[in-house]
Each structure stands twice: as structure tokens, then as C-alpha cells.
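Below is one structure, written out as C-alpha cells; comments come after it.
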Protein chains: 2
Amino acid sequence: MSHYTDPFRGEFDSLEEFADRVSDVLKCPVTIEDANHRLIAYSAHDDYTDPARTATIISRRVPEKVINSLWKQGAIPALLKSREPVRVPPIHDVGLGSRVAVSIWKNDEVIGFIWVLETNRTLSPEEMEWLKLAAKAAKNKVLQLYMRKNKKEERVQELFWKLLTSHIAAEDEIRAHLAAMQIPTAPQFAIVVFRFAADLTAEMERQISYLLQTTQQLPLLLYTTDGRDVILLGAPKTDQPLKELNAFIESFAAKMKERFHIHDVQCGFGGVYSVYRLIEKSYREALAVLALKEKLGDDINGVYGYAQLGIYQFFDFLLEKKRQGDWTNLALEKLQAYDRKHHSDLVKTFETFFDHNENVQETADVLNVHPNTLAYRLKRIADIAELDLNDMNQKIKLYIDIKLAKYEARG
Amino acid sequence: MSHYTDPFRGEFDSLEEFADRVSDVLKCPVTIEDANHRLIAYSAHDDYTDPARTATIISRRVPEKVINSLWKQGAIPALLKSREPVRVPPIHDVGLGSRVAVSIWKNDEVIGFIWVLETNRTLSPEEMEWLKLAAKAAKNKVLQLYMRKNKKEERVQELFWKLLTSHIAAEDEIRAHLAAMQIPTAPQFAIVVFRFAADLTAEMERQISYLLQTTQQLPLLLYTTDGRDVILLGAPKTDQPLKELNAFIESFAAKMKERFHIHDVQCGFGGVYSVYRLIEKSYREALAVLALKEKLGDDINGVYGYAQLGIYQFFDFLLEKKRQGDWTNLALEKLQAYDRKHHSDLVKTFETFFDHNENVQETADVLNVHPNTLAYRLKRIADIAELDLNDMNQKIKLYIDIKLAKYEARG
DNA sequence: CCGGTTTTTGTGGATTTCCACAAATTCAAC
DNA sequence: GTTGAATTTGTGGAAATCCACAAAAACCGG
């Protein structure tokens with residue numbers, strides 16, 4: 001291949017025009033995506049496209065399950081490593097026909113992809129080389145798009161921070177701002193905060209941003225970072241927002257781990273509200289979850305939502321009162337005294353029992369004792385602490401005091 | 001009987017001497033008690049006494065069960081009504097032989113009793129008249145005793161109020177004061193407060209005092225009144241002080257009702273402590289129980305001890321926070337919204353379920369529904385409120401918030 | 001009034017709890 | 001060490017819970 005045969009020389013008005021040109025040259029449908037698999041342009045006059053391409057064009061982004069399978073299959077990792085074109089065999093599960101892709105680079109960074117759908121032909125090695133040229137030719141156009149986006153992004157971030165810090169009080173004004181920036185309104189939303197082990201590097205930010213952009217589980221309205229935190233405004237769309245948020249977090253964490261080998265991610269989210277004025281509150285609550293996780297560790301493992309913190313929501317408050325003095329639980333003190341004297345584990349037994357929803361079997365398993373042993377200990381606890389095991393109220397108080405004591409010891 | 005045959009004329013050095021005299025005249029063992037059945041004097045040279053009398057002399061008070069049976073049998077009510085001697089047939093259950101008694105009066109008030117044990121003879125009508133004379137003759141001596149007691153009583157009350165209001169801080173000083181007044185120290189104690197419907201009348205005070213003095217279930221170290229409150233310093237003697245206190249209260253209230261027809265008695269007691277400095281705290285806690293009872297009514301029926309208040313202990317505190325704002329429970333709000341819209345009772349269902357210790361059967365009975373209905377509703381609650389029914393923590397939070405809402409509505 | 005949804009009640013069976021009692025084991029104090 | 005008390009484990013049967021599924025009843029919007 002000699003340089004004077006480059007078919008992508010010259011100027012193109014738009015990336016659409018460019019896509020059509022590539023399509024003409026290779027005689028295949030062509031799609032151009034940005035680094036986050038959002039559709040930038042696609043060739044128009046194509047006779048055949050597979051379901052995956054159709055879905056991509058309709059929703060202006062690559063469906064998440066397609067992205068997932070391309071990660072699993074290895075195509076995306078390969079494209080992120082090398083400038084060479086990659087051929088992907090058909091993946092029928094997700095409606096992918098056979099295709100060839102190449103990544104678009106700027107310096108050491110991938111800023112987009114060109115996908116060529118091999119409808120009823122296979123690209124020759126020479127055509128593969130042409131594709132590489134196409135990727136180089138696309139670079140500047142894609143970059144321009146980036147610049148424009150970044151400028152807008154900056155303004156959006158500024159707005160987001162104003163919302164997070166309650167700088168705009170009037171609901172109408174907030175709505176006006178959001179509309180001006182083309183940010184859709186949502187009937188309900190919550191702030192989600194991911195906290196990483198260390199301050200975010202540019203590399204990590206790119207990876208996180210990539211994951212967030214490609215995730216379609218939870219609509220994300222806004223996004224920013226702060227030190228080691230990533231802050232999101234998520235907008236659950238079902239009437240079970242907590243479940244949705246939890247699922248999103250789990251899957252995000254899992255993907256961070258398996259795709260980028262980043263393990264140490266904590267997460268919390270605040271209350272789900274429908275008034276934008278409460279964004280700041282949701283943010284505070286998300287931070288409260290993270291602060292509690294730091295302290296309580298195991299006790300609230302797997303809990304991300306402020307709403308699911310349960311009694312821990314007001315622990316700081318109770319602790320304050322406890323420190324003021326006049327907060328005693330004689331029952332607990334007696335149990336502790338007994339434990340100390342007889343090297344027993346009554347307090348822990350009770351705590352575990354409640355941690356496991358008063359389920360005898362489960363608790364006995366966790367403690368490695370016979371269920372009857374557990375029953376015996378509970379009766380013993382009732383005697384020693386003068387606790388009526390049929391009185392939920394008293395049991396709750398003891399449980400809270402046990403947790404509070406732990407909390408106090410740490411906090 | 002002519003007046004010049006009165007065998008109890010003249011002076012007696014002491015009540016003991018007087019008792020001996022009566023015993024000589026009637027040829028029977030004689031016991032003199034004050035209005036509260038405390039032993040004042042008894043005749044010495046008796047050949048035979050029944051177990052009840054022995055016990056009375058040993059412990060310097062009439063055993064409670066003897067008093068109880070004399071109330072039931074009717075002797076004491078009769079003695080309180082009339083100045084005539086009363087004959088009591090043997091009550092073997094409590095070791096009482098046949099005896100005759102007469103009350104000692106001052107104006108319209110009974111200030112003591114003379115008991116004559118009919119060992120192996122029966123008093124003749126004439127002797128019965130002599131007994132009446134004996135009662136009259138005893139009056140002044142008994143009164144003197146009262147005066148002395150009252151003076152001491154005043155000083156003791158003053159001390160008690162100092163303790164209740166934390167006017168003496170040093171433990172040693174408190175002990176010294178108590179010792180100076182012959183008040184025994186106790187390893188543990190708590191303040192008990194009975195609150196009546198209206199300010200106490202002299203009449204009621206006498207009745208209450210009577211009951212307290214004759215009660216031997218719970219050792220009472222100190223006693224005073226304040227408006228409609230009766231304040232006690234009780235000293236439980238077992239290692240299950242709460243049970244002891246509860247039993248005492250139940251029995252006190254029952255006796256107030258059946259003997260004096262006083263129904264409207266509320267009661268609360270504070271924490272059980274072993275340091276006198278904490279008397280004031282226990283008092284505050286007892287008052288807190290009463291205040292909560294006023295507000296919560298049914299919710300803490302049958303609860304008297306501060307320790308058994310459970311979560312209500314910190315309800316005032318939480319309410320304060322709630323009123324400051326930023327206290328929301330979306331789960332509860334959703335349930336309430338659902339209830340309003342569908343005229344259902346999900347919130348009440350959950351509350352009742354927890355009130356009854358998560359017992360399905362019991363709750364279903366109380367709500368008059370099929371157990372499966374309850375199960376269905378709970379599942380519904382879990383869906384609507386996005387509540388994990390296996391997570392005690394979340395359930396507790398919801399329960400607290402439900403109670404808190406009720407509490408707020410009232411308080 | 002209809003048709004569909006929600007709610008209540010019913011049935012049956014596997015599993016779990018509850019309870020009382022007994023045997024085995026551990027612990028502590030003398 | 002021995003002894004007695006406290007603790008753990010075991011057994012068995014009655015009762016309760018859990019679960020899935022189905023029929024009946026109540027409710028609601030058009």
C-alpha cells in the first residue's frame with residue numbers, strides 16, 4: 001500500500017459524510033463511536049444491518065449487553081491495547097454479526113472506534129490497512145467533538161456543584177438551568193458516591209467515566225469527582241428505586257474489579273427524592289453512609305443506601321447523648337459483667353441473633369453451636385439481664401445499646 | 001360493769017408494762033400494734049403463743065400474709081369501723097389461733113390495735129368490755145409514741161428530699177446521714193413513684209402509708225409525698241430487682257383498689273443503682289416513665305420500670321431531632337400513602353406485628369385476620385416500602401419511626 | 001354491571017421452632 | 001482430684017412457620 005492511494009484524504013464536512021465514505025470504500029455498513037461507545041456517526045445507505053447495530057443507532061449508544069459481551073470476548077480490551085484492526089466473530093446471543101473494528105487514537109489514548117459490519121463479505125488484508133488509515137483520518141473530527149463536549153461538561157459540572165451545596169434554592173430556577181443544558185428532568189433521583197482508596201488518577205477517571213457512560217442500568221443525570229470520590233446524580237426509573245440503585249452499585253463495583261482491577265471501592269447513596277432542592281440532602285446522606293462504613297465495617301457490609309442504614313442513621317446523635325452521660329443500660333452492663341467473669345459470649349450471642357433476624361438455625365450455624373445451646377443462652381440472657389424476650393421493645397433497646405457500645409469504642 | 005372497777009387505771013411506765021397488765025387481767029397473751037401493724041408492745045410471761053404471734057414478735061411487725069387474711073376475713077375492716085372488740089376465728093393457713101381484737105382511737109382515727117390471743121379459753125362478755133377500757137387507756141401512751149415518730153419522720157423526709165434533688169453529693173456524707181437516722185443501707189435501690197388522679201387527701205395518705213408499711217414484698221427505706229405523687233425509695237433484695245419492683249407495684253395497685261377503692265393510680269420507677277448519689281437520677285427516670293405513660297397510654301401499658309421503656313427512653317431526644325427537620329423515612333411515607341389511597345392498614349399491621357414480638361399467630365388474632373393474610377400483607381409491605389424483612393435493622397427503624405410518628409402526634 | 005386486580009382465606013406438606021427432659025461435657029472452687 | 005454447678009448437646013413430639021398454589025371475596029375504573 002503506497003501513501004498516495006489513501007482514500008480518506010481531503011476534507012469532510014461532517015463525520016456522517018466521513019462514515020459514508022468509509023462505507024463506500026469498504027462496501028460495508030460503518031459505525032463510528034466515541035470512547036464510551038456512544039454513537040457519533042453511521043453510514044446511511046446500507047441494505048443490511050444486524051440487530052446490534054440497529055439498537056445502537058436507535059438509542060444512540062451501544063447496548064450495555066453488547067458492550068459486556070465484547071469485553072468478555074476480548075475485542076474491546078484488544079482495541080484499547082493496539083492500533084491494529086480486530087475481527088470479531090458473530091455473537092448471536094446479543095445480535096452481533098461478524099465485524100471488524102479499529103480504535104481511533106490521540107497520543108496514547110483511545111478516543112473512539114470505527115466498526116465495520118461484514119454483511120456478506122470479508123475484508124481483505126488490504127482493506128484492513130485502509131481501515132487503519134480511516135481511523136487516523138477520523139481523529140481530528142472526533143477530537144473537535146470532544147472539545148465541544150468538554151466545554152459543555154465544565155458548565156454542567158459547575159451547576160452540579162451548586163446543586164450539591166444547595167447554592168440554588170428555588171426549584172424553578174434549578175429546572176431552568178437543567179433544561180438549558182439539555183439535562184432531562186427525572187421524577188426521582190438520588191446522589192450516589194463512590195469512594196476509592198486513593199485520589200483519582202486521570203487514567204482511573206477515564207475508566208470510571210467509561211463504565212458510567214456505558215452503564216444503562218441506571219440513568220445518570222450528572223457526574224463529577226472530588227478527591228477520591230465520584231459523585232453521581234442517578235435517576236431510578238422504577239418504583240423500586242432502592243433495588244435499582246443497589247443493583248447498579250453492585251454491577252459497577254464488579255466491573256471495576258474485573259475490567260480494571262480496581263478493588264477498593266466503597267459506595268453510599270442518599271435518600272431518593274423528587275425535589276431538586278433536596279439534592280444536597282441526598283449528598284449529605286450519601287457521605288454519611290460512607291462515614292459510617294468506615295467506622296462500622298462489617299456491621300453494614302452490603303448496605304449502600306441511607307434508607308437501609310436503619311438504626312445507624314441516628315447513631316451519631318445517640319452517641320452524642322451517651323457521651324453527655326446519663327445513658328445507661330443496666331441489662332447490658334450485667335451481661336458484660338457476666339461475660340467478663342465467666343468468659344462467656346452472651347452479648348455477642350444476642351447481637352448475632354439479632355444480626356440474623358432472630359433466626360435460631362442461622363445464628364446457631366454462624367456461632368458454631370447447637371440450636372439448643374443458643375436457646376439456652378437466650379434464656380440465660382433473659383434471666384441475667386431481666387430481659388423479657390417476648391418484648392420486642394426491650395430487645396431492640398439492648399440491641400441498639402450493644403451496637404452503640406461497639407460504635408462508641410471505634411468512633 | 002361499773003366505772004370503779006376499771007382495772008387499767010393509774011400510771012404505767014411503759015407500754016410493755018401495760019401489755020403485761022392487760023394480759024394478767026384477761027389471762028391471755030396480749031399484743032399491741034400501731035395503726036400499721038407494727039409491734040409496739042407485747043406481754044412477756046406467756047406460756048403459749050401461736051405461730052403468727054411468734055413471727056410478729058420476731059420481726060417486730062405483723063407478717064403481710066397475716067394482714068392480708070385478716071383483711072379478707074373482715075376483721076381489720078371491722079376494727080377500722082367500730083370501737084367494739086372483734087373476735088377472729090382461727091385461720092390455720094397463716095398460723096392464727098382464735099383471738100379477740102380492739103382498735104385504739106384518737107378522735108376519729110385508729111392509731112393502734114390490741115390483740116388478745118384466746119389460747120385455751122374464751123373471753124366472756126365482761127372481759128370484752130374490759131378490753132374496750134384497755135384500748136381507751138392505751139390511747140395516750142400510743143399517741144406519745146406517734147409524736148416521737150413524727151418528729152423523726154420530719155427530719156427523715158427532709159433528708160429524702162435532699163437526696164431526690166441531689167443536694168448531697170458525697171457518698172460518705174449520705175451514708176452518715178442515713179446511719180444517723182437508723183435507716184439501713186441497701187446494696188441496691190430504686191425510686192418508685194405512684195401518681196394518683198388528684199392531690200392526696202389526709203385520708204388517702206393514711207391509707208397509702210398503711211399499705212406501704214404493711215407491705216413486706218419490697219423493703220422501703222424512705223417515703224414522702226409531693227402533690228399527687230407518692231415517692232418511695234425501695235431496696236430490692238434479690239438479683240432480679242426489676243421483677244421484684246414490678247410485683248410490688250402490681251400488688252400495691254391491686255390492694256389500693258380492693259381495700260380502698262382507689263383505681264386511678266399510675267406508677268413508674270427509675271433505674272436500680274447501688275450508689276446513693278444516683279437517687280436523683282432514679283427519681284428523674286421514674287418521672288420520665290410517668291410522663292411517657294401519659295403520652296403513650298396503651299403502648300406501654302404494664303411497663304413501670306425505666307429500664308423496660310426500651311426505645312421510648314430516647315424518644316424525647318429523637319423527637320427533638322425530628323422536629324429539627326432532616327428526619328425522613330421514605331419507607332414509612334410510602335406505606336402511609338398506600339394506606340391513605342387504598343384505605344388499608346399496612347402501617348398498623350406492621351406495628352402490631354412488632355408489638356407482638358413478630359409472632360404471626362398472635363398478631364393475626366389481634367387483628368382478626370387469617371395468618372396468611374398477615375403474611376401477605378407483610379410481603380406487600382416489603383414490596384411497597386422496599387423493606388428487607390430479613391433485615392432486623394431496617395425493621396427496627398421502621399418500627400421506631402411508626403412509634404415516633406404516633407408519639408409526635410400526641411406530644 | 002363488567003372484567004381485572006387486589007386482598008383474603010383455605011389447603012397441604014416440608015421445615016423450623018418450642019419445650020421438657022436427659023445425658024454428656026466443661027468449669028471452677030475447695 | 002473431686003464435686004457440684006453451669007453449659008452444651010441430644011432426642012422426640014406438639015405446635016408454629018414457611019411456601020406455593022388455588023379458590024373465594026372485595027374493590028375499582030370504565
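Residue numbering restarts at 1 for every chain, and letters A, B, ... go by the order of the sequence lines.
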Nearest-angstrom distance from the residue atom CG of D383(A) to P of dA5(D): 17 Å

For chain A, the stretch of DNA chain C it reaches, first to last nucleotide, under 4.0 Å of its heavy atoms: dT16(C) to dA28(C)

Sugar-phosphate only, base, or nothing, as touched by H343(A) at under 4.0 Å among non-hydrogen atoms: sugar-phosphate

Any pair counted as side-chain hydrogen bond (donor to acceptor under 3.5 Å, both in side chains), so long as it reaches residues 383-393 of chain A, sequence neighbours left out: D391(A)-Q394(A)

Between dT9(D) (C1') and Q361(A) (CD): distance, integer Å: 15 Å

For the student: nearest non-hydrogen atoms of Y304(A) and V289(A), plus distance: O-CG1, 3.3 Å

Electrostatic pair K395(B)-E358(A), nearest N-O below 4.0 angstrom: no

For atom CG of N368(A) and atom C1' of dT8(D), their distance in whole Å: 14 Å

Euclidean distance, atom OH of residue Y376(B) to atom P of dA26(D) [Å, nearest integer]: 15 Å

Identified ring-ring contact (aromatic ring centres under 6.0 Å, His included) partner of F189(B) from the options F269(B), Y276(B), Y273(B): Y276(B)

Axis bend over the full length of the helix from dC1(C)-dG30(D) to dC30(C)-dG1(D), computed from five pairs that close each end, to 10 degrees: 50°

Length of the line joining N372(B):CG and dA23(D):P, which is rounded to integer Å: 16 Å

Separation of dC18(D) C1' from N390(B) CG (nearest whole Å): 12 Å

Rounded distance in Å - CG (L374(B)) to P (dA16(D)): 15 Å

Shortest non-hydrogen contact from H370(B) toward A364(B): C-CB, 4.2 Å

Donor-acceptor contact present, side-chain Q308(A) to main-chain V303(A), <3.5 Å: no

Identified side-chain contact (heavy atoms from CB on, under 4.5 Å) partner of E351(A) from the options L398(A), D345(A), D299(A): D299(A)

Rounded distance in Å - CD1 (I384(A)) to C1' (dA5(D)): 14 Å

Flag for K281(B)-T328(A): side-chain donor and acceptor within less than 3.5 Å: yes

